[in-house]
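Written below as structure tokens is the structure these notes are about.
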Amino acid sequence: FTFFGLSFFVNELRWYLVSVIMLFITSIPFAICLTAFIKINFGLMIIFYLLSSTAMSSFLLFMMSLNPTHGMGNIAGYGILFTFFIAIFWGYFDWLFKEEGYVEKYVLSLFPHAALSYTMAMLGSGEVTQFDQLDGPSYYPVKYGFTFLTAETFVYFGLYILIESLKRRLWLPAPIKWRNSTKFVQNEKGDTTSIVVDKVLKKYDKTIAINDISCAYNPEMVIL
């Protein structure tokens, strides 16, 4: 899409929305199950999973922007999945349900998978089942988890866009400048040519592959 002229920000937003939709759709069965078995408000679960999807998508894209390679993809994916369960069990058995450990709880909540796991623990344990209970429990109010996830959605996506705008994209060469490059004109005989390419520039990182190339093609196979 970028190659064919789609703007940088719109293309990134497209990837972001696809990621959010995929995560959110796969979480709907969990929301239905929690609503059915633990009697949690379905709207509360939908908001939770929507915020989780947006925050995690922003964070994953931010991680990939630091070093967009296959190895980094594995680190971001499996690393976050592993630390997600660590955060759940460590928090559950240590200080999440205690009136202490505020520094650990809220510092780790700056990462969406920690904020997600702690908020899920509050909901999944039955501590919070309705919207009017968002202020509790005191040791980790669910409204704080929602606040962290909302803020992380915007902060990490903003950092992702900032990093991508400051460096060259390693996995996609700079696009051809298509502006006014393709047009229909008449040659000296009055025939309309099919394709005219004017001053094409193509770069791979700092290497120039094509520089200022112009050509045209008409039905008579005449190169002008």
Side-chain angles (χ1 to χ4, degrees), residues 9-35 40-68 72-92 95-96 101-125 127-129 131 133-137 139-165:
F9 180 77
V10 174
N11 196 33
E12 302 312 297
L13 187 61
R14 179 183 66 86
W15 273 108
Y16 176 75
L17 291 176
V18 168
S19 176
V20 169
I21 291 172
M22 291 179 64
L23 286 174
F24 181 65
I25 289 178
T26 55
S27 67
I28 291 178
F30 293 97
I32 295 174
C33 291
L34 288 171
T35 300
I40 302 176
N41 183 283
F42 183 70
L44 182 63
M45 294 307 305
I46 287 296
I47 293 176
F48 166 69
Y49 280 118
L50 180 61
L51 291 176
S52 300
S53 300
T54 57
M56 286 299 295
S57 296
S58 295
F59 184 72
L60 287 170
L61 290 177
F62 163 70
M63 292 291 293
M64 287 302 298
S65 69
L66 299 178
N67 185 26
M72 188 60 181
N74 289 333
I75 292 174
Y78 292 108
I80 288 176
L81 182 63
F82 178 75
T83 55
F84 170 79
F85 287 104
I86 291 296
I88 288 180
F89 291 111
W90 183 18
Y92 192 91
W95 33 253
L96 179 57
Y102 286 101
V103 174
E104 295 92 337
K105 294 174 188 177
Y106 296 123
V107 168
L108 287 178
S109 291
L110 296 176
F111 300 96
H113 48 299
L116 163 64
S117 63
Y118 299 157
T119 307
M120 179 184 291
M122 297 294 101
L123 296 172
S125 64
E127 291 277 351
V128 176
T129 59
F131 281 101
Q133 299 174 328
L134 292 181
D135 288 334
Y139 37 79
Y140 194 86
V142 168
K143 69 176 183 180
Y144 286 3
F146 281 14
T147 300
F148 276 115
L149 292 173
T150 302
E152 287 157 359
T153 295
F154 293 100
V155 170
Y156 284 115
F157 186 72
L159 289 173
Y160 166 62
I161 292 296
L162 176 62
I163 292 173
E164 287 297 306
S165 64

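Note that the structure is predicted; figures quoted are calculated from it, not measured.
Taking a 6.0 Å sphere around CZ of Phe157, one finds it holds more than 12 heavy atoms contributed by other residues, nucleotides or ligands. Annotation for Phe30: atom CZ does not count as buried by contact number, only 12 or fewer foreign heavy atoms lying within 6.0 Å. Atom CZ of Phe154 has 12 or fewer heavy atoms from other residues, nucleotides or ligands within 6.0 Å.
Minimum heavy-atom separation, Ser57 to Leu23: OG-CD1, 3.4 Å. Scanning both residues, Phe148 and Leu110, for their nearest heavy atoms gives CE2-CD2, 4.0 Å. For the pair Thr26 and Pro29, the tightest heavy-atom approach, listed with the atom from each and the gap, is O-CD, 3.4 Å.
Within the 4.5 Å cutoff, no side-chain heavy atoms of Pro141 are placed close to those of Asp135. Side-chain contact between Leu44 and Val128 is present, with at least one heavy-atom pair separated by less than 4.5 Å. Taking the side chain as every heavy atom from C-beta outward, Phe24 and Ile46 approach each other to under 4.5 Å. Using a 4.5 Å heavy-atom cutoff, the side chains of Gln133 and Val142 are not in contact. Side-chain contact between Tyr118 and Met122: absent, with no pair of heavy atoms (C-beta onward) separated by less than 4.5 Å.
Atoms CD1 and CG, on Ile28 and Leu50 in that order, are 10.0 Å from each other to the nearest 0.5 Å. Between the OG atom in Ser52 and the CD1 atom in Ile47 there is a gap of 11.5 Å [rounded to 0.5 Å]. Atom CG of residue Leu34 and atom CE of residue Met45 lie 4.5 Å apart, to the nearest 0.5 angstrom.
By the ring-ring contact (aromatic ring centres under 6.0 Å, His included) test, Phe48 pairs with no residue at all, sequence neighbours left out.
No donor-acceptor distance shorter than 3.5 angstrom exists from the side chain of Ser19 to the backbone of Tyr16, with no hydrogens or angles considered. Thr54 places a side-chain N or O within donor-acceptor distance of the main-chain N or O of Leu51, the cut-off being under 3.5 Å. Under a 3.5 Å cut-off, the side chain of Thr153 and the backbone N or O of Ala55 do form a donor-acceptor pair.
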Walk me through whether Tyr144 and Ser109 qualify under side-chain contact (heavy atoms from CB on, under 4.5 Å). CA-CA 9 Å; Tyr144 286 3; Ser109 291; over 6 Å; no
Trace of the side-chain contact (heavy atoms from CB on, under 4.5 Å) decision for His113 with Phe59: CA-CA 9 Å; His113 48 299; Phe59 184 72; 4.1 Å; yes
When you look at Glu152 and Leu149, which way does the side-chain contact (heavy atoms from CB on, under 4.5 Å) test go after all the steps? CA-CA 5 Å; Glu152 287 157 359; Leu149 292 173; 3.9 Å; yes
Between Ser58 and Tyr160, does a side-chain contact (heavy atoms from CB on, under 4.5 Å) hold up when you go through it step by step? CA-CA 8 Å; Ser58 295; Tyr160 166 62; over 6 Å; no
One pair to check against ring pair (Phe, Tyr, Trp, His ring centres under 6.0 Å): Phe62 and Tyr156. What are the steps and the verdict? CA-CA 6 Å; Phe62 163 70; Tyr156 284 115; 5.4 Å; yes
